[in-house]
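The first residue in the sequence is number 1, and the count goes up from there. Counting starts at 1 for both ligands and their atoms, in listed order.
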Amino acid sequence: MKLYLIPTPIGNLEDMTLRSIRVLKEVDVIFAEDTRTSGQLLKHLDISKPLFAHHAHNEHVGVAGVIKLLKEGKVVGLISDAGTPGISDPGFLLVKTCIEQGIDVETLPGATALIPALVNSGFPLDRFVFEGFLPHKKGRQTRWKAIAEEERTTVLYESPHRLHKALEQIIEFIGPDRPIMVARELSKMHEQMVRGSATEVLTYFDQNPDKIRGEIVIVIAGK
Ligand code: SAM
């Protein structure tokens with residue numbers, strides 16, 4: 001019995017590692033956040049395995065089913081829609097439960113959005129903070145205020161339709177001159193890094209509304 005967490009590409013299929021492909025071929029069962037999305041990837045990789053859903057919204061319920069299979073001696077692979085499972089994706093509860101129950105867990109290194117964005121920012125990398133998605137309403141301001149005081153580089157995930165609001169809030173709570181970078185569509189054809197002060201980056205997106213799309217990581221320089 002063993003659980004593998006297997007990263008999948010965040011856009012570019014070439015980012016699937018050789019080991020991830022081998023392990024996906026060797027596991028008995030694969031659990032995926034979205035069986036349709038993952039089904040396409042597995043088909044592309046010519047991997048045919050029993051595939052079940054492990055959603056974010058019922059992670060508590062789902063964990064029991066995965067643990068049952070593991071205890072029957074099965075080797076289980078967990079993948080998410082993109083990137084590393086457990087990073088702003090389902091996985092944490094399953095890993096925690098496996099560890100509590102003495103079940104082996106192995107996470108394979110691989111694609112994730114935060115690392116290429118962070119490294120590409122040019123901001124100090126010796127220490128950094130990953131904020132994931134900020135809460136939409138309650139607690140959002142508190143998080144911005146904490147980030148304002150943070151001396152380490154901060155990385156966060158944001159959806160394109162909240163980008164404008166996020167940039168306005170960075171200006172309001174952190175300051176108009178704080179250097180930031182918005183990384184869009186990492187590893188994809190239209191990959192783009194927009195660097196500058198918070199004001200410059202907001203102005204860029206106000207003047208180029210066609211760029212407010214795709215997947216986005218925001219990196220904020222430390223205080
Ligand atoms: N597990 C994933 C990882 O390891 O990065 C993150 C999953 S989270 C549900 C999805 C968010 O990750 C997106 O909203 C975006 O903020 C970020 N993301 C994923 N792929 C990206 C890409 N190709 N370019 C920029 N950001 C990306």
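Other cluster members for V23: Y4, I6, L13, M16, I21, L24, V27, I30, L41, L42, L45, I47, L51, V75, I79, L108, joined by side-chain heavy-atom distances under 4.5 Å among Ile, Leu, Val, Met, Phe, Trp and Tyr.
A salt bridge links K2 to E106: at least one charged side-chain nitrogen sits closer than 4.0 Å to a carboxylate oxygen. Ion pairing between a basic and an acidic side chain is recognised when a charged N comes within 4.0 Å of a carboxylate O; E158 and R140 show such pairing. Comment: E215 does not engage R184 in a salt bridge, judged by the lack of any side-chain N to carboxylate O separation of less than 4.0 angstrom.
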Tabulation required: pairs of a nitrogen or oxygen in ligand 1 and a protein nitrogen or oxygen under 3.5 Å; columns are atom names and distance to 0.1 Å; otherwise 'none'.
{"unit_1": "ligand 1", "atom_1": "1 (N)", "unit_2": "A82", "atom_2": "O", "d": "3.1"}
{"unit_1": "ligand 1", "atom_1": "1 (N)", "unit_2": "T84", "atom_2": "O", "d": "3.1"}
{"unit_1": "ligand 1", "atom_1": "1 (N)", "unit_2": "I87", "atom_2": "O", "d": "2.8"}
{"unit_1": "ligand 1", "atom_1": "1 (N)", "unit_2": "D89", "atom_2": "OD2", "d": "2.8"}
{"unit_1": "ligand 1", "atom_1": "4 (O)", "unit_2": "T84", "atom_2": "N", "d": "2.9"}
{"unit_1": "ligand 1", "atom_1": "4 (O)", "unit_2": "T112", "atom_2": "OG1", "d": "2.6"}
{"unit_1": "ligand 1", "atom_1": "5 (O)", "unit_2": "T112", "atom_2": "OG1", "d": "3.2"}
{"unit_1": "ligand 1", "atom_1": "5 (O)", "unit_2": "A113", "atom_2": "N", "d": "2.9"}
{"unit_1": "ligand 1", "atom_1": "5 (O)", "unit_2": "Y157", "atom_2": "OH", "d": "2.6"}
{"unit_1": "ligand 1", "atom_1": "16 (O)", "unit_2": "I216", "atom_2": "O", "d": "2.6"}
{"unit_1": "ligand 1", "atom_1": "20 (N)", "unit_2": "E215", "atom_2": "OE1", "d": "3.4"}
{"unit_1": "ligand 1", "atom_1": "23 (N)", "unit_2": "I10", "atom_2": "O", "d": "2.9"}
{"unit_1": "ligand 1", "atom_1": "23 (N)", "unit_2": "L186", "atom_2": "N", "d": "3.4"}
{"unit_1": "ligand 1", "atom_1": "23 (N)", "unit_2": "L186", "atom_2": "O", "d": "2.9"}
{"unit_1": "ligand 1", "atom_1": "24 (N)", "unit_2": "L186", "atom_2": "N", "d": "2.8"}

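Checked by atom type and distance alone, the side chain of Q101 never pairs as donor or acceptor with a backbone atom of I103 at under 3.5 Å.
Note: F123 and F128 fail the aromatic proximity criterion, with ring centroids not under 6.0 Å apart.
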